[in-house]
S.K.: 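One structure, as structure tokens, below. Some questions next.
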Protein chains: 4
Amino acid sequence: MAAALPPVPESSEPPRRGRRKEARPGELLDAALDLFVEKGFAATRVDEVAARAGVSKGTLFLYFPSKEDLFKAVVRKNIAGRFPEWDLEMETFEGTSSELVQYCFQTWWERVGSTKASGLGKLMLSEANNFPEIAEFYRREVVEPGHRLIRRILQRGMDRGEFRTLDLDHAVYLVLAPLMFLMFSQPSLSLCIPNPDTFSAQEYIRLQAENVLQGLCVRPT
Amino acid sequence: MAAALPPVPESSEPPRRGRRKEARPGELLDAALDLFVEKGFAATRVDEVAARAGVSKGTLFLYFPSKEDLFKAVVRKNIAGRFPEWDLEMETFEGTSSELVQYCFQTWWERVGSTKASGLGKLMLSEANNFPEIAEFYRREVVEPGHRLIRRILQRGMDRGEFRTLDLDHAVYLVLAPLMFLMFSQPSLSLCIPNPDTFSAQEYIRLQAENVLQGLCVRPT
Amino acid sequence: MAAALPPVPESSEPPRRGRRKEARPGELLDAALDLFVEKGFAATRVDEVAARAGVSKGTLFLYFPSKEDLFKAVVRKNIAGRFPEWDLEMETFEGTSSELVQYCFQTWWERVGSTKASGLGKLMLSEANNFPEIAEFYRREVVEPGHRLIRRILQRGMDRGEFRTLDLDHAVYLVLAPLMFLMFSQPSLSLCIPNPDTFSAQEYIRLQAENVLQGLCVRPT
Amino acid sequence: MAAALPPVPESSEPPRRGRRKEARPGELLDAALDLFVEKGFAATRVDEVAARAGVSKGTLFLYFPSKEDLFKAVVRKNIAGRFPEWDLEMETFEGTSSELVQYCFQTWWERVGSTKASGLGKLMLSEANNFPEIAEFYRREVVEPGHRLIRRILQRGMDRGEFRTLDLDHAVYLVLAPLMFLMFSQPSLSLCIPNPDTFSAQEYIRLQAENVLQGLCVRPT
DNA sequence: AATGAATGAGTGTTCATTCAT
DNA sequence: AATGAATGAACACTCATTCAT
């Protein structure tokens, strides 16, 4: 009620109908990420996204031509768009390939696995059948770059004589499976990991990395 | 129950009218399983379930008060216990623990991973948030027994001095993660495994088992 | 208010939720014809059509998969579907070709021009650009059969030596133009025919037929 | 007005800022005419009109309080009076009345039928119900003068003994119907004239004029 | 005067659910 | 017990209109 008074200066709060063009897309993407992860693609209503971002439905469509495009933008901002950076990091890594794999597991957890972006992976899994176009987008922009990144890491290890000769088509999954399992499990944790109190994601990551390297390395540590 | 069947001639073709009423719910559950697994909960229309079961939509609601109840019934019916059998199999296994782990990976694929049951796992993952009650049930009746089974296998290996000392709380996932990843990926294969033509589930299973054992065994094979 | 009383026998009035499957489509088509003609295709809301037919919006979509299909059905019922009858009538006509032309003008007025179906023609004219699929349908199912019918009539007159040699591609419009002009003008009569009180459609039809025949006949009557 | 132009350098390219304000409404009306004629009233979006006129949507609403008002202004601007000129032309025509009728058909096509103005006629037809006020205006300023012009021509023919005695109230349409039919058909040509490649508007005009005269003249040419 | 970001009412279509027969 | 006709809430997207700058 009191808040409805028109001439309240309301300190630093942004003007109701302000020119916010720069900020809007980001706010909408954040709101969308939250809701998509929480409720899934189909079950998330665009009104809700708009409301959470503090704008009207119409405004959302001002910035994103459709719900699907909104989703793609969310994926791009939170995952797809970060591969260049990750690729570069890998190219310029200076340690052994074992260290690189460990670094990979660790930073994946910090930057993706433990963040809300992790929910996007599970989301795709659930909705892929019903939204083939989105699935294709995700495959192209996320899954394939991810596979390529890991293949390059394994190849690096083989080239340097650190890893034994591998059938890359299947070996990628030695790295991917543990990460993806954790990603998929994360949002409904207790379903897949029935004793959350004796479970430490950090320790999971460490152990899986160690184990993978046992199999990978020419001479196990 | 089966003895209570009315005096139907029991000819090979089911009688048009007066079809065994007791069979209805079962037929509906079968149809629902197929469709839920194929398209997910939200995208499955009850008309379709009814149609596939050969009854009208109204009839479905005669047996299941709502779509959600139908879903619950499907899960309840299909995830019941194969565990006693598997537990026994493990207890009486006579080879080395390495062989047992390999046997495990292999039979899991044959009996679960490659069957429709695999779809149910992903389905649960997707819908766990919407059906906490079912999720809890699934956790208790499927996830926990599974964990316990694997823990026992690892414990057996440690007891016999075949496996090195393990933190079981995290080591279970060395076995589980590869299997679960494949299970979750299976229904929308090309999403997670972008080159299905160069991918062999059999080879995946073999490699993952081999790799896990590298880390597990005191002296790698 | 009083009508809202639940247990009024209300005499012959059909039951609110009766099994009306046979009657429904017809009622919907009638309602749709009225509204389409009155307000145009785009401006007619399907809720309104349903309401006028005394059913809910959902019911409409039970019988017609889309608004466009509803419209097509309206056109088919009121115009397109009647060409077989008209074609036959023409084939079996026994008088002179002059009489046939006069009969044509006259019956067109009675069966189309003076009825609500007349509004459909103008409707198509207005909406053709925005709904190309509908326009194509109308062209195929109404315009072309109409042209063919008239061409056959003119050809008959030429074959019998009653009409002079004609360039059919343009002569069709000697017959069509007066009829179509009246059809298009009808719904907003006073716009095109500024003195409706001194205007008789019957006389218009008679005069136009007479005039056309003057030009058509080898030896004017 | 034109003399009041500010001291713009009058270079061939219009100055970016400070463009002549007076021109705005005119540019908007021109853009609106094009679009209304092309797409109809409802299907024309005001953004588009504004864009085509090179201004923002907000500016449009500065000059025209609503889309409807814009429409009214378009009609008012474009259907004003060419009739004085045409009336004069008719009064001073020196040939036979047959020739006058032929001249009429021909020049109508050149000056109206084949121009954008033709689209306005159809537009009025479509929107007359929604804009009764405009319809009345159109009737008064366009339709009635047109009728009067044709009546005078027919009267001239009768007075000179060239045309037979006519019931003018209906005979006007002998001339009007063919022209109006072509006018209405023009914008969505293929709808009314299903074989545009075998159709020549010139030949249509010629044939219709010839045919009308057959009926009109005391002794057909 | 001019902008363009923001709004929100409006619409075709879907589908779980009801209920008269 | 079984049907299937009927319902109506829900939802993505559009676009004329407003208004702070």
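A, B, ... follow the sequence lines: proteins, then strands. Residue 1 opens every chain.
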S.K.: Could you list the residues that satisfy ring pair (Phe, Tyr, Trp, His ring centres under 6.0 Å) with D:F71, not counting sequence neighbours?
M.R.: D:F36, D:F41, D:F131

S.K.: Closer than 4.0 Å, any side-chain N/O of B:Y63 to the OP1 or OP2 of F:dA1?
M.R.: no

S.K.: Rounded to whole Å, please give me the gap between CG in C:L28 and C1' in F:dT7.
M.R.: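 It works out to 14 Å between those atoms.
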
S.K.: F:dA2, OP1 or OP2 - any side-chain N/O from B:T59 closer than 4.0 Å?
M.R.: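 B:T59 to F:dA2 OP1/OP2: no side-chain N or O under 4.0 Å.
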
S.K.: Search all heavy atoms of B:K122 against all heavy atoms of A:L125 and return the closest pair with its distance.
M.R.: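 Looking at all heavy atoms of both residues, the shortest contact is NZ-O, 3.0 Å.
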
S.K.: Counting C-beta onward and ignoring hydrogens, is there a side-chain heavy-atom pair between C:P25 and C:L28 closer than 4.5 Å?
M.R.: no

S.K.: Distances under 3.5 Å between protein N/O atoms and the N/O atoms of nucleotides 12-16 of chain E, please, pair by pair.
M.R.:
{"residue": "E:dG12", "atom": "OP1", "partner": "C:T44", "partner atom": "O", "Å": "3.3"}
{"residue": "E:dG12", "atom": "OP1", "partner": "C:K67", "partner atom": "NZ", "Å": "2.9"}
{"residue": "E:dG12", "atom": "OP2", "partner": "C:V46", "partner atom": "N", "Å": "3.2"}
{"residue": "E:dT13", "atom": "OP2", "partner": "C:K67", "partner atom": "N", "Å": "2.8"}
{"residue": "E:dT13", "atom": "O4", "partner": "C:K57", "partner atom": "NZ", "Å": "2.8"}
{"residue": "E:dC15", "atom": "OP2", "partner": "B:R45", "partner atom": "NE", "Å": "3.4"}
{"residue": "E:dA16", "atom": "OP1", "partner": "B:T44", "partner atom": "O", "Å": "3.4"}
{"residue": "E:dA16", "atom": "OP1", "partner": "B:K67", "partner atom": "NZ", "Å": "3.3"}
{"residue": "E:dA16", "atom": "OP2", "partner": "B:V46", "partner atom": "N", "Å": "3.0"}

S.K.: Expressed in angstrom and rounded to an integer, what is the separation of A:D69 atom CG from F:dC13 atom C1'?
M.R.: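 In whole Å, F:dC13 C1' lies 13 Å from A:D69 CG.
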
S.K.: Could I get the full list of side-chain contact (heavy atoms from CB on, under 4.5 Å) partners for C:K116, not counting sequence neighbours?
M.R.: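 By the side-chain contact (heavy atoms from CB on, under 4.5 Å) rule, C:K116 matches C:L33, C:D34.
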
S.K.: Please report, rounded to the nearest Å, how far the C1' atom of E:dA6 is from the CD atom of A:E27.
M.R.: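 One finds 13 Å between C1' of E:dA6 and CD of A:E27, rounded.
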
S.K.: Under the rule for side-chain hydrogen bond (donor to acceptor under 3.5 Å, both in side chains), what residues qualify as partners of A:N130, not counting sequence neighbours?
M.R.: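 Not a single residue meets the side-chain hydrogen bond (donor to acceptor under 3.5 Å, both in side chains) criterion with A:N130.
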
S.K.: Rounded to the Å, how far apart are B:F64 CZ and F:dA1 P?
M.R.: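 For the pair B:F64 CZ and F:dA1 P, the rounded distance is 13 Å.
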
S.K.: Dot-bracket for DNA chain F, please, read 5' to 3', with Watson-Crick or G-U wobble pairs under 3.5 Å on both distances, ( ) within the strand, [ ] crossing, | other strand, . unpaired.
M.R.: .||||||||||||||||||||

S.K.: Evaluate the criterion side chain to side chain contact (heavy atoms under 4.5 Å, CB included) for residue pair C:K77 and C:D30; output intermediate values, then yes/no.
M.R.: CA-CA 10 Å; C:K77 176 179 179 183; C:D30 290 347; 3.2 Å; yes

S.K.: Can you measure B:L62 atom CG to E:dA20 atom C1' for me and round it to whole angstrom units?
M.R.: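 One finds 14 Å between C1' of E:dA20 and CG of B:L62, rounded.
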
S.K.: Return the minimal non-hydrogen interatomic distance between D:L123 and D:G40, and the atom names on each side.
M.R.: CD1-CA, 4.2 Å

S.K.: Without decimals, in angstroms, what is the distance between C:L60 CG and F:dA6 P?
M.R.: 12 Å

S.K.: By side-chain hydrogen bond (donor to acceptor under 3.5 Å, both in side chains), which residues pair with A:T59, not counting sequence neighbours?
M.R.: A:S56

S.K.: To the nearest 0.5 Å, tell me how far A:I134 CD1 sits from A:K72 NZ.
M.R.: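 Between A:I134 CD1 and A:K72 NZ, I get 7.0 Å after rounding to 0.5 Å.
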
